[in-house]
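Data first, discussion second: the structure below is written as structure tokens.
Side-chain atoms are counted along with the backbone in the values below, which use heavy atoms only and exclude waters and symmetry mates. Reminder, nothing fancy here: chain letters follow the sequence lines and each chain counts from 1.
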2 protein chains.
Amino acid sequence: MQLSKAFGYGIRALLYIAQHHQEGQNIGLQDLAEQLNAPRHFLGKIMQELSKRGLVHSAKGPGGGFTLKEETLDLPVIKVVEAIDGLESFKKCAMGFEECSEDHPCPLHDTIKAYKNGLLQSLRTHTLRDMRHRLDKDETFLKEI
Amino acid sequence: MQLSKAFGYGIRALLYIAQHHQEGQNIGLQDLAEQLNAPRHFLGKIMQELSKRGLVHSAKGPGGGFTLKEETLDLPVIKVVEAIDGLESFKKCAMGFEECSEDHPCPLHDTIKAYKNGLLQSLRTHTLRDMRHRLDKDETFLKEI
DNA sequence: AAAATAAAAGATATTAAACTCTTTTATTTT
DNA sequence: AAAATAAAAGAGTTTAATATCTTTTATTTT
């Protein structure tokens, strides 16, 4: 019933970059990890994956680090879930029935489906920009964890 | 985004017992595990926990096995979740913020909360009896996995 | 009482997620 | 070109969930 910790680190990292990026500057992994209170190398893998998938740009060497790709702020949050956790867990039957489906639903199917669909819908419609906007109203997040 | 496998085995076991119990007879672990296609010893631990918590009665020796306690059929499903998985995961922030709360919600808080509460509500109101009733309409479940 | 049965209990193995450490590679600065 | 910086990459550790195997204990049947 839980998105992974990796997802939490990843989305917080994206939002941190969105908030703190200055023209021509990269946000270093070290900096990111400290600010988010996330394990540096674990976060490194997550950022690597986000880089492979084109959500961020990464630069090596001095002054290196991460910046958001242009289009990333307008991606729906579900794309971040997909990149980090995948969408498998949205498909599995909560009771463990292999044959559970729309046509042949388990006793919890509709209940769980309502939850999952609602959540999915919300993750599909909210963009990172929306989320940054909410955070901008509350500076205490992403800073003093 | 997922209840554990253990929960799946546990609730299916309870429902199997509810459906197949004959007066004065126990359902053996061996039988249960085969019918549910669940790993025997793993299921054993789960049944042990359900026994400790008073949801089932267990008997050792020849003819031993499990039966439902009287009141179990009228328990809400959430009690099974609680017994097997605990309720911790319902409380954690999806974004990993430690300080996320009603007063200080993360950007996903309200979204997630709405659907979580819906799910909880449903798990609180549906009893095992309800679920057995649904299964009774569809004999293909709990049998030919 | 002895043998058989079946769950309880305990120890161990496997897998995946979460996390750490070290080495390599690319880049920049001197 | 050499030194310094910082991410990429790879290997290893830890923890929790899942799964298996073995031994013990309680009960029943003979």
Can you check the [X] [atom1] to [N] [atom2] distance for me, whole Å?
{"X": "B/Ile84", "N": "D/dA17", "atom1": "CD1", "atom2": "C1'", "value": "14 Å"}
{"X": "A/Lys60", "N": "C/dT24", "atom1": "NZ", "atom2": "P", "value": "13 Å"}
{"X": "B/Leu29", "N": "D/dA26", "atom1": "CG", "atom2": "C1'", "value": "16 Å"}
{"X": "B/Ile46", "N": "D/dT20", "atom1": "CD1", "atom2": "C1'", "value": "14 Å"}
{"X": "A/Lys45", "N": "C/dC21", "atom1": "NZ", "atom2": "C1'", "value": "10 Å"}
{"X": "A/Leu50", "N": "D/dA9", "atom1": "CG", "atom2": "P", "value": "14 Å"}
{"X": "A/Glu49", "N": "D/dA9", "atom1": "CD", "atom2": "P", "value": "11 Å"}
{"X": "B/Leu43", "N": "D/dA17", "atom1": "CG", "atom2": "P", "value": "18 Å"}

Look at the side chain of [X] and decide which nucleotide, out of [options], has an atom nearest to it.
{"X": "A/Ser51", "options": "D/dA7, D/dA8, C/dA7", "value": "D/dA8"}
{"X": "A/Phe42", "options": "C/dA26, C/dA18, C/dA8", "value": "C/dA18"}
{"X": "A/Lys5", "options": "C/dT25, D/dT28, C/dA18", "value": "C/dA18"}

Worksheet item: Going by distance alone, is a donor N or O of one side chain under 3.5 Å from an acceptor N or O of the other, for A/Thr127 and A/Asp74?
Response: no
Worksheet item: Is the closest side-chain donor-acceptor distance between B/Arg134 and B/His126 under 3.5 Å?
Response: yes
Phosphate oxygens OP1/OP2 of [N]: is one of them under 4.0 Å from a side-chain N or O of [X]?
{"X": "A/Gln48", "N": "D/dA9", "result": "yes"}
{"X": "A/Ser58", "N": "D/dA8", "result": "yes"}
{"X": "A/Tyr9", "N": "C/dC19", "result": "yes"}

Could you identify the nucleotide paired to [N], looking across every strand shown and requiring Watson-Crick or G-U wobble geometry with both distances under 3.5 Å?
{"N": "C/dT27", "answer": "D/dA4"}
{"N": "C/dA18", "answer": "D/dT13"}
{"N": "D/dC21", "answer": "C/dG10"}

Discussion item. So, under a plain 3.5 Å distance rule, would you say the side chain of A/His41 forms a donor-acceptor pair with the base of C/dC21?
Written reply: yes
Discussion item. By the 4.0 Å heavy-atom rule, please label B/Gly61 as base, sugar-phosphate, or nothing.
Written reply: base
Fill in: A/Lys79 NZ: over 12 foreign heavy atoms closer than 6.0 Å
no
Discussion item. Looking at B/Glu70, I want to see if its CD is surrounded by more than 12 non-hydrogen atoms of other residues, nucleotides or ligands under 6.0 Å.
Written reply: no
Fill in: Given B/Leu119, B/Leu120, B/Leu123, the one that forms side-chain contact (heavy atoms from CB on, under 4.5 Å) with A/Tyr115
B/Leu119
Worksheet item: Starting at the 5' end of DNA chain D and moving along, which residue's nearest nucleotide shows up first, A/Pro62 or A/Met47?
Response: A/Pro62
